[in-house]
Amino acid sequence: MTYLVFARAAVLRNLTYRAGYWMSLTGTASMVAVQYYLWSAVYSTAGLAPAGMTLGQTLTYVLTARAASTFLSLDAGRGISRRVRLGTIAAELARPVDLQLSLFFEGLGEATFALLAVSAPVFAVLVWAGAVVLPSPGALHWFLLSLLLAYLVTYALSFAVGLVSFWTGNGMGLADFLEAGVFLFSGILVPLDFFPGPVRALARALPFQAIYHLPMSILTGRAGSFGGALAMQAGWAVLLIWAGRVVWRRARPFLVVQGG
Amino acid sequence: MPTIIAERLTKDYRIPRRGHGVGSYLRTLFTPSYREVRALDAVSFAIEPGETVGYIGLNGAGKSTTVKLLAGILAPTSGRVKVGGIDPHRERVTNARRIGLVFGQRSQLLWDLPVRETFHLLRHVYRVPPDRYHANTRRFFELLELDAVWDQPVRLLSLGQKMRCELAAAFLHDPSVVYLDEPTIGLDVLAKGAIREFLKEISQKTQVTVFLTTHDLRDIEEVCRRVILIHQGSLVYDRSPQELVQEYGQNARLEVAAAGDAVPTAPPGSRLEGRTGDRWVFTFDRQRVRVPELLAVLGQELSIRDVTVTGLDLESVVRRIYGGEAP
């Protein structure tokens, strides 16, 4: 498989920088700690269970989401806009590869490294410490599949939005906008069920919930049906990958290679 | 059939129009305005397989734009490109398989990893058969001294070492056309020499078509058998370097260092321009008089210590064309 070399190069690059790895691990662990203390404080009033979520469920939801965020990153889109802004996109386009696929595999290399080296150890420590409660083994399989779909949705969304930089020359603002959408509507900071009705309804209509909310619902046993959640994720993944291809075809004539 | 055909190739860029100052920038956030700039204006040429073409012009003349259009990276505003019979922009991937590309100003190497990792990646991306891979890398090790840098991360290489790697990377998959956009920019004489030797060697031994842009006319003189000159987006010259010199290089310049202060008389066919340091400067018409004749006449009056002749080289010719002088 030709494209695996892009994943390999990404893994090697990550292994090159030791200090960067330790920083990333420390950063993720700190954010997990912040979430832990925040939600423990929120629940310190005895008997509180907003939206029917216990402290155990809420911690499992937000801490796992935070641990997973290292590999569910929006870097594909940022990568495109960086390449367009600096003009290095020219070198990429001179290669006989599909940009959507080569970036996908490059991102997959990054994600695999982040999953194995950061997310999985942090998650393991959380389970060991009892902060995250594992569901039944049956549900765990569905959760892992759901994480994989979450990865596809993240990648496809980020790719399609990153391509906008072909028109604008710089996609940084849009990447921030996308990130804001993730913060608000995905469940990465606050479980979606805690939001008032209209916001929840809006979140359900957007693809962001497929990134954290649906996998975490499966993990905490609050998804109505596993099948429904997974189908919703798969639907978004297919739709967004297709959208990425459409935008890609539209975007190409607008490319300007900046910097001479 | 030509390998590369460009027909009335035209490219416009849209440049944001902004005034000076924060206020003006804020206004363009809401009401942007643009102006169209024509980077390339109806340029046509055809290049046969195996030709080595030097593509020259001042900064901003449209050289890099042409390369990106030929490589299928950019879409032309109007006009047509065919490379190997296909439209390089529409069939980008098919085209990319057959071409090599070197940008002097941006790297295609894997920045954080040892050089060999870039070659490992390219080998798979271009599906280079093992025997070709080994034959080519062996050759590059020899010609470009790659063995010295093979295990070093790209980010630690010097510009010259990096450019040798870029060159090898572009030729790894035996492409039928290679575009080199200012491959010798910023390099020292040794690195430039190595790159010219490599290009000469490979263009003589293989059927590769080489399309080279440069500001260093020695690249062209040593490597290319054809030169295309563009100015402000338009093609102004397309011939061999020798013909260019013959046509435009009539007014040559002779400098003679001689002892004493006696002012010499200019020999027939020449004109005394003045003196710089201990050198008398003459200009002469190469069609009317040749250097040995001039020296024979001057030698009777002066005791000549040293002689320099300029104006026969491509550089002074090109300067003359840009200066708007008639041939």
Side-chain angles (χ1 to χ4, degrees), chain A residues 1-21 79 82-103 105-106 109-110 113 166-170 173-174 245 248-260, chain B residues 11 13-16 29 32 39 59-60 63-65 67-68 71-77 88-114 117-118 120-127 153 155 166 169-170 173 175 179 181-182 185:
Chain A
M1 176 66 182
T2 307
Y3 286 94
L4 278 177
V5 290
F6 290 99
R8 178 178 182 271
V11 171
L12 290 178
R13 184 173 55 236
N14 274 291
L15 288 170
T16 304
Y17 297 106
R18 265 185 314 157
Y21 165 66
R82 190 183 62 241
R83 285 162 161 102
V84 171
R85 193 167 60 85
L86 301 176
T88 53
I89 188 84
E92 233 93 4
L93 289 175
R95 291 183 181 153
V97 292
D98 182 291
L99 191 72
Q100 199 178 18
L101 273 174
S102 68
L103 285 177
F105 276 90
E106 188 186 317
E110 301 274 352
F113 178 82
F166 274 48
W167 282 279
T168 61
N170 181 346
L174 216 73
R245 292 217 79 88
W248 168 238
R249 259 188 309 245
R250 292 272 165 93
R252 277 219 49 216
F254 289 92
L255 176 66
V256 174
V257 176
Q258 307 189 120
Chain B
K11 179 72 182 174
Y13 289 119
R14 212 167 61 139
I15 313 285
L29 272 183
N59 287 327
K63 298 190 299 296
S64 295
T65 299
V67 169
K68 283 162 199 152
I73 294 167
L74 298 180
T77 306
H89 186 257
R90 286 229 182 89
E91 297 181 59
R92 181 182 68 81
V93 173
T94 314
N95 178 65
R97 213 164 269 297
R98 306 176 188 166
I99 66 160
L101 191 56
V102 173
F103 290 115
Q105 311 212 57
R106 53 176 61 104
S107 181
Q108 312 187 58
L109 309 168
L110 297 173
W111 181 249
D112 312 274
L113 299 179
E117 292 302 334
T118 297
H120 176 89
L121 183 116
L122 294 177
R123 175 189 187 169
H124 285 88
V125 163
Y126 289 96
R127 301 188 197 129
R155 66 197 147 94
E166 299 274 359
H173 53 289
Y179 305 104
D181 193 3
E182 301 188 26
I185 195 164

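Just so we're on the same page: letters track the sequence lines, and every chain starts at 1. These values consider heavy atoms only, across backbone and side chains, with no hydrogens, waters or symmetry-generated copies. This is a predicted model, so every value here is computed, not measured.
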Under 4.5 Å from a heavy atom of chain A, the part of [X] involved:
X	result
B:Leu113	side chain
B:Thr118	neither
B:Ile73	both
B:Glu117	side chain
B:Arg98	neither
B:Ala75	side chain
B:His89	both

Distance in Å, [X] [atom1] paired with [Y] [atom2], rounded so as to fall on 0.5 Å steps:
X	Y	atom1	atom2	result
A:Thr2	B:Leu121	OG1	CG	10.0 Å
B:Lys68	A:Leu93	NZ	CG	11.5 Å
A:Leu15	B:Asp112	CG	CG	12.0 Å

Handout entry: Heavy-atom closest pair, residues B:Ala96 and A:Ala94
Key = CB-O, 3.3 Å
Practice task
For B:Arg155, look at atom CZ and say whether over 12 heavy atoms of other residues, nucleotides or ligands are found less than 6.0 Å away.
Solution key: yes
Problem - For A:Pro96, the option from B:Thr94, B:Val125, B:Asn95, B:Ile99 that meets side chain to side chain contact (heavy atoms under 4.5 Å, CB included) - result: B:Val125
Practice task
Answer with side chain, backbone, both or neither: which region of A:Arg8 has an atom nearer than 4.5 Å to a non-hydrogen atom of chain B?
Solution key: side chain
Exercise for the section: Please flag which part of A:Phe6 lies under 4.5 Å from any non-hydrogen atom of chain B: side chain, backbone, both or neither. Expected result: both
Exercise for the section: Could you check if a side-chain atom of A:Arg95 sits within less than 4.5 angstrom of a side-chain atom of B:Leu122, using non-hydrogen atoms only? Expected result: yes
Fill in the blank from the handout: Ranked by heavy-atom pairs below 4.5 Å to chain A, first place among B:Tyr126, B:Tyr179, B:Tyr13 goes to B:Tyr126
Exercise for the section: Sort out for me which of B:His124, B:His173, B:Glu182, B:Arg92 touches chain A most, counting heavy-atom pairs under 4.5 Å. Expected result: B:Arg92
Problem - Check: A:Ala91 main-chain N/O paired with B:Arg106 side-chain donor or acceptor under 3.5 Å - result: no
Completion exercise
Across all chains, not counting sequence neighbours, the salt bridge (Lys or Arg N to Asp or Glu O under 4.0 Å) partners of B:Arg97 are none
